[in-house]
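Residues take their numbers from the sequence shown, with the count starting at 1. All values derive from a computational prediction rather than experimental measurement.
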Amino acid sequence: MITYENTRTIRDMLEKSVEEFRETSFLRYERDDLIYDISYERFGELCRIVGAFLNERRAKLGRQVKVGLFGSSSAYYISVLMGSMASGNVAVPLDYQMDLEHLTDCLNRSDVDILFYDWEHVPLINDAKELCPKITEYYSLQSVN
C-alpha cells in the first residue's frame, strides 16, 4: 500500500506503484490506428532501463546527469522523465514549441548533458547541435523501448 510513511521519494513512489498495481494498465496510447497499453510493471521496467543508462553516464561524469526532454507527452517522454528523477538525476522538460533561439538558450543555460527529443523535431535538433556544445549525446524518445 502506498502511504506517506513509506513513500518519501520519486523512486519510492515508482517502485511502490509497480509493486501494488503490477499488471494494471498504467497508460494507454494510440499509434498507427492501434491502441497500446503499458502496465505499471512495464513502465517501471522502462524507467529502470533509463535510470541505469543515466547512472552509467553519471559514474563517468562524477555528478548528476542533466537530461533535456524536448517533445510532446508520450509513454516514452514519461519514462525518461520518471527514470531520470527516480535514478537521482535531473530532468529538464522543455516546451516543444520553442524556436531555435529559445531552445538553444534554455539548453545552454540549464547545462543539459543529454537531450531526448521527438523524431518530428530532428531538423530543429540538428540545427541546435552546433549551438549547444555541452550536450554530448542526443537520443530520439521513440528509441526508448
**Cluster companions of W119 among Ile, Leu, Val, Met, Phe, Trp, Tyr (side-chain spacing under 4.5 Å)** =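 Besides W119, the cluster holds no residue at all.
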**Prompt:** When clusters are formed from ILVMFWY side-chain contacts under 4.5 Å, directly or step by step, what else is grouped with I35?
**Reply:**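 I35 clusters with nothing; isolated.
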Are any side-chain N or O atoms of [X] and backbone N or O atoms of [Y], one a donor and one an acceptor, separated by less than 3.5 Å?
{"X": "D118", "Y": "E120", "value": "no"}
{"X": "D127", "Y": "L124", "value": "no"}
{"X": "S87", "Y": "S84", "value": "yes"}

Can you name the residues that form a side-chain contact (heavy atoms from CB on, under 4.5 Å) with [X], not counting sequence neighbours?
{"X": "D105", "value": "R109"}
{"X": "D99", "value": "E101, H102"}
{"X": "R58", "value": "N55, Q64, V65, N89"}
{"X": "V92", "value": "V90, L94, S110, V112"}

**Asked** So which pairs with a foot in residues 131-144 pass salt bridge (Lys or Arg N to Asp or Glu O under 4.0 Å), sequence neighbours left out?
**Response**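 Passing the test, one end in residues 131-144: R57-E137, D111-K134.
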**Message:** Filter on salt bridge (Lys or Arg N to Asp or Glu O under 4.0 Å), then keep only pairs touching residues 14-26, sequence neighbours left out; what's left?
**Reply:**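 For residues 14-26: E15-R48, R22-E41.
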Indicate, with yes or no, if [Y] and [X] share a hydrophobic cluster defined by side-chain heavy-atom contacts under 4.5 Å among Ile, Leu, Val, Met, Phe, Trp and Tyr.
{"X": "I114", "Y": "I135", "answer": "no"}
{"X": "L61", "Y": "L115", "answer": "no"}
{"X": "L107", "Y": "L69", "answer": "no"}
{"X": "M98", "Y": "V122", "answer": "yes"}
{"X": "M13", "Y": "L54", "answer": "yes"}

**Asked** Around R8, counting heavy atoms of other residues, nucleotides and ligands shown, do more than 12 lie under 6.0 Å from its CZ?
**Response**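 Atom CZ in R8 is crowded, with more than 12 foreign heavy atoms closer than 6.0 Å.
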**Asked** Take atom CD in E30; do more than 12 heavy atoms of anything else shown fall under 6.0 Å from it?
**Response**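 Correct, the count exceeds 12.
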**Request:** Answer whether the closest heavy-atom distance between the side chains of D113 and V67 falls below 4.5 Å.
**Result:**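 No, too far: nothing below the 4.5 Å cut-off.
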**Message:** Using the ring-ring contact (aromatic ring centres under 6.0 Å, His included) criterion, which residues pair with Y117? Sequence neighbours excluded.
**Reply:**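 Testing Y117 for ring-ring contact (aromatic ring centres under 6.0 Å, His included), a comparison that skips the adjacent residues, returns none.
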**Message:** As a test of understanding, state which of L46, I10, V50 forms a side-chain contact (heavy atoms from CB on, under 4.5 Å) with M82.
**Reply:**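 Single side-chain contact (heavy atoms from CB on, under 4.5 Å) partner of M82 among L46, I10, V50: I10.
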**Prompt:** What is the distance from atom OG1 of T9 to atom CG of D12, rounded to the nearest 0.5 Å?
**Reply:**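 Separation between the atoms: 3.0 Å.
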**Asked** When rounded to the nearest 0.5 angstrom, what is the spacing between CG in L103 and CG in L131?
**Response**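 Reported to 0.5 Å precision, the distance equals 9.5 Å.
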**Asked** Which pairs, with at least one residue in residues 50-75 and sequence neighbours excluded, count as a ring-ring contact (aromatic ring centres under 6.0 Å, His included)?
**Response**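 ring-ring contact (aromatic ring centres under 6.0 Å, His included) check on residues 50-75 returns F53-Y139, F70-H121.
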**Message:** For residues 31-50, which residue pairs pass the ring-ring contact (aromatic ring centres under 6.0 Å, His included) check, not counting sequence neighbours?
**Reply:**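 As it turns out, the ring-ring contact (aromatic ring centres under 6.0 Å, His included) pairs with a partner in residues 31-50, which skip direct neighbours, are F21-Y40, F26-Y40, F26-F43, Y29-Y36.
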**Request:** Could you go through the side-chain hydrogen bond (donor to acceptor under 3.5 Å, both in side chains) check for S25 and D37 one step at a time?
**Result:** CA-CA 6 Å; S25 180; D37 278 313; 3.1 Å; yes
Heavy-atom pair of closest approach, residues [X] and [Y]:
{"X": "L141", "Y": "G71", "answer": "CD1-CA, 4.3 Å"}
{"X": "G44", "Y": "V18", "answer": "CA-CG2, 3.7 Å"}
{"X": "C132", "Y": "N108", "answer": "CA-OD1, 3.4 Å"}

**Prompt:** Can you list the residues that meet the salt bridge (Lys or Arg N to Asp or Glu O under 4.0 Å) rule with E56, with sequence neighbours excluded?
**Reply:**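 E56: no salt bridge (Lys or Arg N to Asp or Glu O under 4.0 Å) contacts found.
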